[in-house]
Amino acid sequence: TAVVTVNKTCTTPTPVYTCDSLTVDKISRTEFKFTVAKTVENATYVKTVFVIKNAAGAVVATADDADGVYNYTQTNPGTYTVAATIHVTVSGVAKTATSTACAKTFTVNEEPVVTHPAVDVNKTVNGKETTEVKVNEQFVYEIVVKNTGDIDLKGVKATDTAPTGITFVSADVGTVANNTWTATVDLKVGESKSYKITAVAKSYVAGTTVNKVCVDATEVTGNPDDCDTASTTMPKPVEPTIEVCDLATDTIVTIKEKDFDAAKHSKDLAKCDKIKVCELSSKHVITIAT
């Protein structure tokens, strides 16, 4: 027998442990996700440590994560930095690694201010929601525009087009053109502005006439933003009548003025020697000689 010994030369492998990159993903205004990319060879990876500092350089949070991923929440607005450090062991000895690629800046924005802009318009006619008007007698529409929201409004536009049968004569503020009234106003929170439109019906309009005004503000969603109405009615006109001599019957009769016909009637009542009267005993209308 023989014994042969072969000696082996052992080469100790070189350990590699680097922090390659740090990614910051913004999930929401206050939530962020930190993700580290690393290289660890011939060493034992232990953990990744994240250190978060505020703009003044003070540490506000420190977190460990075995996977190199960490979700972080910060509610205070400002600019922050996050630095990641890789922790490993080499032959039982603790080692760390970081780099400029593993340091990032992120910002927590101010919480947006939620506003509730709103505008309201109210309309009456002669101080009422509905009123009766007469032909050729002027009446007044009153309009009140109010900022009912929580921010100032710029350039609120009010528009009112006269309904059929109604004519806008004038307005104390604003412009009347083509029978449409318009006005523009800036309103602070809670402020209101009143307007008056003088109008007239130049002829009889049957039924109810509805007049609508609308307002629109740039800051308020919608177009228009609000509308309101006021209504007018008109008494049915009584047609004028006259007494005439009916030449065919030689009788004095009452007819509508528009039905007068010179060939059939005479306004000279003396041409008739008969009249219609109420006979008291019978309570009937009869024709008798004058």
Side-chain angles (χ1 to χ4, degrees), residues 120-145 158-183 194-215 224 226-290:
D120 177 77
V121 63
N122 180 263
K123 183 170 191 174
T124 57
V125 53
N126 286 352
K128 301 177 181 179
E129 292 295 326
T130 301
T131 193
E132 185 178 87
V133 299
K134 296 181 180 179
V135 175
N136 292 324
E137 286 189 6
Q138 291 186 354
F139 54 94
V140 177
Y141 290 112
E142 297 99 0
I143 297 168
V144 178
V145 181
T159 306
D160 188 339
T161 298
T164 302
I166 303 297
T167 299
F168 286 163
V169 178
S170 62
D172 62 344
V173 179
T175 303
V176 175
N178 298 321
N179 221 20
T180 295
W181 169 82
T182 57
S194 299
Y195 305 92
K196 291 184 178 181
I197 304 173
T198 301
V200 66
K202 295 185 176 180
S203 60
Y204 171 71
V205 180
T208 300
T209 301
V210 179
N211 180 221
K212 182 170 71 172
V213 62
C214 292
V215 291
D226 191 36
C227 296
D228 195 28
T229 61
S231 304
T232 56
T233 58
M234 300 180 68
K236 190 172 183 179
V238 178
E239 296 186 65
T241 60
I242 57 173
E243 281 191 333
V244 297
C245 175
D246 187 327
L247 301 178
T249 61
D250 194 25
T251 304
I252 296 175
V253 295
T254 300
I255 64 171
K256 294 179 181 178
E257 189 174 319
K258 67 181 181 65
D259 292 335
F260 178 80
D261 185 345
K264 299 178 181 179
H265 310 121
S266 173
K267 294 182 180 180
D268 183 1
L269 301 183
K271 292 186 177 182
C272 279
D273 59 1
K274 295 180 182 179
I275 59 174
K276 286 184 176 182
V277 298
C278 175
E279 186 179 54
L280 300 179
S281 60
S282 64
K283 295 184 179 181
H284 290 153
V285 176
I286 61 173
T287 302
I288 64 171
T290 57

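All values derive from a computational prediction rather than experimental measurement.
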query = Can you tell me how far the CG atom of D261 sits from the OG atom of S266, to the nearest 0.5 Å?
reply = 12.0 Å
Listed once per pair and sorted, the salt bridge (charged side-chain N to carboxylate O under 4.0 Å, His left out) pairs that draw on residues 158-172, sequence neighbours left out = K123-D160
remark   = residues 278-287 vs salt bridge (charged side-chain N to carboxylate O under 4.0 Å, His left out), sequence neighbours excluded, gives none
message = Walk me through whether C214 and T159 qualify under side chain to side chain contact (heavy atoms under 4.5 Å, CB included).
response = CA-CA 5 Å; C214 292; T159 306; 5.5 Å; no
inquiry  = Measuring from atom CG of N178 to atom OG1 of T161, what distance do you get when rounded to the nearest 0.5 angstrom?
reply    = 9.5 Å
ask   = Between L247 and A262, which heavy-atom pair has the shortest distance, and what is it?
value = CD1-O, 4.4 Å
inquiry  = I'd like to check Y195 versus V121 (side-chain heavy atoms, cut-off strictly below 4.5 Å). Are they in contact?
reply    = no
request  = Give, for atom NZ of K196 and atom OG1 of T124, the distance between the pair rounded to the nearest 0.5 Å.
outcome  = 9.5 Å
ask   = Can you name the closest pair of heavy atoms from P163 and T209 and give their distance?
value = CG-CG2, 3.4 Å
request  = Let me see the working for V205 and T164 under side chain to side chain contact (heavy atoms under 4.5 Å, CB included), right down to the final yes or no.
outcome  = CA-CA 9 Å; V205 180; T164 302; over 6 Å; no
query = What distance do C227 atom SG and D120 atom CG have between them, rounded to the nearest 0.5 Å?
reply = 11.0 Å
query = Which atom pair, heavy atoms only, marks the closest approach of A199 to F168?
reply = CB-CD2, 4.0 Å
key: Approximate separation, where rounding is to 0.5 Å, of D259 CG and K264 NZ   = 9.5 Å
query = Is the ring centre of Y141 less than 6.0 Å from the ring centre of W181?
reply = no
key: Listed once per pair and sorted, the side chain to side chain donor-acceptor pair (under 3.5 Å) pairs that draw on residues 240-255, sequence neighbours left out   = T249-T251
query = Any idea which heavy atoms bring K258 and E239 closest together, and the distance?
reply = CE-OE1, 2.7 Å
Closest heavy-atom pair and its distance - L269, C245 = CD2-N, 3.8 Å
ask   = Around atom CG of N136, are there more than 12 heavy atoms of other residues, nucleotides or ligands at under 6.0 Å?
value = yes
task = Applying side chain to side chain contact (heavy atoms under 4.5 Å, CB included), run through V140 and N126 and close with a yes or a no.
result = CA-CA 5 Å; V140 177; N126 286 352; 4.1 Å; yes
query = Looking only at heavy atoms, what is the nearest atom pair of F260 and H265, with distance?
reply = CE1-CB, 3.5 Å
query = Passes side chain to side chain contact (heavy atoms under 4.5 Å, CB included), T167 versus N179? Steps please.
reply = CA-CA 6 Å; T167 299; N179 221 20; 4.1 Å; yes
request  = Please tell me if the side chains of K212 and T229 come closer than 4.5 Å, counting only heavy atoms from C-beta onward.
outcome  = yes
request  = Indicate yes or no: at least one non-hydrogen side-chain atom of E132 is less than 4.5 angstrom from one of T232.
outcome  = no
query = Counting only N and O atoms by type, is there a donor-acceptor contact under 3.5 Å from the side chain of E257 to the main-chain atoms of I242?
reply = no
